[in-house]
Amino acid sequence: MWNRAKSIFPIVTIDLCLVAGGTCAQQAPPQTSKAQHTLQKAEDPWWKHAVIYEIYPRSFQDSNGDGVGDINGITSRLDYLRDLGIDAVWISPMYPSPLVDFGYDVSDYSAIDPLYGTLADFDRLVSEAKRRNIRVIMDFVPNHTSDQHPWFKESRSSRTNPKRDWYIWRDGKGPGQPPNNWQSWFGHSAWKFDPSTNQYYYHHFYTEQPDLNWRNPEVRKAMYDAMRFWLERGVAGFRIDAVSRLFEDPNLHDDPILPGKNAYGDPNIAHKYTDNLPEVHEVLREMRRVADEYPGNPVLISEADEPNITELTKMYGRKNDEVQLPMDFQIADVNKLSAPDFRRLLNEIERNAAGGQPHYFFSNHDQPRQWDRYGDGVHNDQIAKLMAALLLTMRATPLMYYGEEIGMRTTDPVRKEDVQDPIGKMGWPEEKGRDGERTPMQWDGSKNAGFSTAERPWLPVPLSSAKYNVNAESQDPGSILSFYKRLIALRRSESALRDGRYVPLDRDDPFVFAYLRKKPGKGDAILVVLNMSGEPRTVKLDLAADGIRDSSARPLIAAPEMAQEATVLNHFTIPAFGVFIGSVH
Ligand code: GLC
């Protein structure tokens with residue numbers, strides 16, 4: 001899920017589609033009633049070329065002065081996203097919710113929380129986005145509902161209620177003893193006793209987030225109908241939340257205990273019996289069939305912290321019939337500038353047996369921002385550019401997180417009483433929660449950085465907004481924002497960069513990560529050289545075997561700027577944390 005705590009996943013082996021070169025997808029077109037869709041899907045879907053941008057709606061733009069971002073705020077910033085070069089936005093949940101987990105506790109899957117606006121506002125957002133060629137991807141939260149969802153209220157009302165089996169209810173082991181040792185991802189027992197019916201319910205996350213019972217066909221039907229509700233309104237797909245947690249061992253085996261304690265003071269455990277159970281894939285196939293009922297190639301993105309390439313590959317499905325874009329947490333969580341680590345992971349995913357499209361990101365609303373995780377504290381702005389270049393030149397669909405393009409940093413609360421995220425209250429000071437990566441978007445140098453006119457936005461605006469904001473950075477050609485814009489524009493204009501093959505170079509260099517993005521057939525290619533160390537480095541790039549005849553590269557984007565002499569391929573000198581992107585023939 002994210003790297004605050006690591007779970008251990010059961011390793012289950014299945015036969016994968018072992019067709020080389022990504023032809024699996026073409027051999028097994030998704031089932032759909034409309035032949036035309038099938039044809040479209042087999043061709044070149046939009047999500048393979050898109051740059052996707054995550055918006056945390058509470059923090060993007062407040063349009064009504066209540067201190068919390070909203071839908072009309074997002075709509076008012078669509079021109080910014082278009083100018084940045086964004087093709088699709090994934091918006092974190094805006095469904096009605098008591099907001100215990102800030103929207104990931106849903107109390108109605110087919111409505112918009114008034115805090116964010118109305119369904120009419122949402123429809124306007126989708127159509128205004130479409131006018132700018134931007135697609136809208138919803139967040140879909142299938143693992144659990146809010147305890148305030150009418151389904152759960154019914155379910156808990158009596159043991160014989162028709163919705164009782166929509167959730168996971170079990171007897172305790174004895175008086176005051178939960179059914180087993182399963183732990184919530186957010187600390188302490190995953191079972192909550194409900195005195196009115198004298199049973200426990202299971203919650204993988206907060207106690208206010210009871211898990212749905214995905215073995216119940218009525219639950220599945222209700223959730224698929226919710227997906228259809230949004231697909232009918234024109235959404236371009238879903239990011240599926242916490243999908244590996246959908247099933248638990250029906251025999252309630254205890255999870256294995258590991259050495260040490262977590263931030264909440266519980267013994268560490270391996271979530272062996274509550275995570276990544278094989279039935280997850282059955283559900284993903286069903287979800288994919290729902291998405292495939294609709295035109296326009298809706299995309300499914302899975303949130304699941306898969307521990308290795310074998311597990312990640314399973315998310316695509318044996319016949320490429322599950323999710324198109326499983327988020328790659330291994331790349332996100334390298335957490336150090338290590339050319340060997342990135343090279344190894346990229347090589348692995350390039351060879352994924354499903355031939356699936358990689359989906360990379362470095363930041364999101366659950367983990368400290370990349371500026372802090374990859375920065376060295378001295379050259380962070382240059383390193384921000386290095387990470388941007390990596391994200392936007394790898395062969396993958398890149399996923400950005402709002403504010404990374406201006407170098408927003410994690411700004412944790414300094415006092416426990418200021419913490420909003422419940423895990424920060426529970427785990428303080430070791431676990432400060434996720435407020436730090438959810439602070440308001442920094443638009444300009446005015447009060448509240450242009451995010452809100454409220455006296456106090458829901459989270460404080462970081463002081464760094466005086467320098468790092470959209471307005472200031474738009475006027476500075478050397479800013480992080482200008483760098484992102486140039487990179488995204490280059491991705492659009494250079495088809496080799498967008499669609500070309502990935503060819504690793506200089507495979508053993510401990511500091512310099514270099515690769516080609518190469519169009520099929522001809523010699524034309526984009527050369528990417530990234531110095532992941534704090535010293536200038538000189539490398540010898542021998543590209544003859546890759547059909548490149550040039551002796552030096554023509555710079556397209558470099559940071560810092562590099563003299564032409566430096567780009568001689570057999571004596572290529574790149575500055576500390578330097579980025580070079582050039583063309584070679
Ligand atoms: C996902 C979300 C996270 C949320 C959790 C429980 O991991 O990204 O923010 O707290 O699911 O819904």
Side-chain angles (χ1 to χ4, degrees), residues 1-7 9 52 54-59 90-107 109 113 137-149 152 167 182-188 190 192 202-212 214 223 226 238-246 248 263-264 271 274-276 280 300-306 315 323 325-329 332-333 359 361-369 399 401-402 410 419-427 431-439 458-459:
M1 187 110 354
W2 60 83
N3 69 341
R4 290 176 188 276
K6 276 280 176 196
S7 62
F9 292 72
I52 306 180
E54 180 191 356
I55 292 179
Y56 196 67
R58 297 180 67 77
S59 298
W90 146 36
I91 310 179
S92 293
M94 299 186 291
Y95 309 101
S97 162
L99 300 176
V100 171
D101 195 14
F102 293 109
Y104 284 96
D105 45 329
V106 178
S107 55
Y109 287 94
D113 195 301
I137 297 170
M138 285 299 261
D139 209 309
F140 188 57
V141 189
N143 179 65
H144 47 270
T145 68
S146 159
D147 63 353
Q148 298 307 306
H149 196 297
F152 187 70
Y167 294 83
W182 292 350
Q183 273 177 28
S184 159
W185 189 256
F186 290 155
H188 311 324
K192 168 87 176 159
Y202 174 72
H203 57 93
H204 194 95
F205 296 97
Y206 291 124
T207 49
E208 296 86 348
Q209 294 171 298
D211 273 45
L212 283 163
W214 275 84
M223 294 302 279
F238 299 95
R239 174 265 191 188
I240 314 171
D241 184 67
V243 73
S244 63
R245 321 290 156 111
L246 290 186
E248 303 74 33
Y264 314 105
H271 293 268
T274 58
D275 198 358
N276 250 350
V280 164
L300 298 182
I301 299 174
S302 57
E303 186 213 23
D305 180 3
E306 300 302 342
M315 288 283 153
V323 305
L325 297 178
M327 294 166 76
D328 189 330
F329 278 79
D333 291 341
H359 188 35
F361 68 100
F362 290 114
S363 291
N364 69 21
H365 63 282
D366 288 326
Q367 52 202 109
R369 286 180 175 273
L399 170 60
Y401 182 49
Y402 82 94
T410 315
V419 175
Q420 299 275 344
D421 186 15
I423 57 170
K425 293 181 184 153
M426 224 155 56
E431 169 61 76
K432 293 192 168 68
R434 296 162 289 176
D435 296 353
E437 54 263 30
R438 298 173 176 181
T439 57
W458 81 285
L459 283 176

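Note that ligands are numbered from 1 as they come in the structure, with each ligand's atoms numbered from 1 the same way.
In this structure, a donor-acceptor pair under 3.5 Å is present between the side chains of Ser97 and Asp105. His365 and Tyr402 share no donor-acceptor pair across their side chains, judged by distance under 3.5 Å alone. If you check the side chains of Thr145 and Tyr167, you find a donor sitting under 3.5 Å from an acceptor. There is no side-chain donor-acceptor pair under 3.5 Å between Gln209 and Asp147.
Of the listed options Asp421, Asp366, Val100, Asp241, Asp366 places a heavy atom closest to atom 9 (O) of ligand 1.
With a heavy-atom cut-off of 4.0 Å, Tyr56 does not touch ligand 1 at all. Residue contacts with ligand 1, taken as heavy atom pairs separated by less than 4.0 Å, do not involve Glu54 at all.
In this structure, Asp305 does not pair ionically with Arg245, as no charged nitrogen and carboxylate oxygen lie closer than 4.0 Å. The residues Arg438 and Asp366 are annotated as salt-bridged, a charged nitrogen and a carboxylate oxygen being separated by less than 4.0 angstrom.
Ring geometry for Trp182 against Tyr202 counts as perpendicular: the plane angle is over 60°, on a 0 to 90° scale with 30° as the lower cut. Aromatic ring pairs are classed by plane angle as parallel below 30°, tilted from 30° to 60° and perpendicular above 60°; the pair Phe186 and Tyr206 is tilted.
Against a heavy-atom cut-off of under 4.0 Å, Arg434 is close to the following atoms of ligand 1: 3 (C), 4 (C), 9 (O), 10 (O). Of all the atoms in ligand 1, the ones that sit under 4.0 Å from a non-hydrogen atom of Arg438 are 9 (O). Listed by number with element, the atoms of ligand 1 under 4.0 angstrom from any heavy atom of Phe186 are 10 (O). Shown in contact with His365 at under 4.0 Å from a heavy atom are these atoms of ligand 1, numbered in order with element: 2 (C), 3 (C), 8 (O), 9 (O). Those atoms of ligand 1 that come under 4.0 Å of a heavy atom in Gln209, given as number and element, are 12 (O). Atoms of ligand 1 found under 4.0 Å from any heavy atom of Asp101, numbered from 1 in the order shown, are 4 (C), 5 (C), 6 (C), 10 (O), 12 (O). Close approach of ligand 1 to His144 is summarised as follows: ligand atoms under 4.0 Å from at least one heavy atom of the residue are 6 (C), 12 (O).
For the pair Phe102 and ligand 1, no heavy-atom separation below 4.0 Å is found. Using a 4.0 Å heavy-atom cutoff, Arg239 is listed among the residues neighbouring ligand 1.
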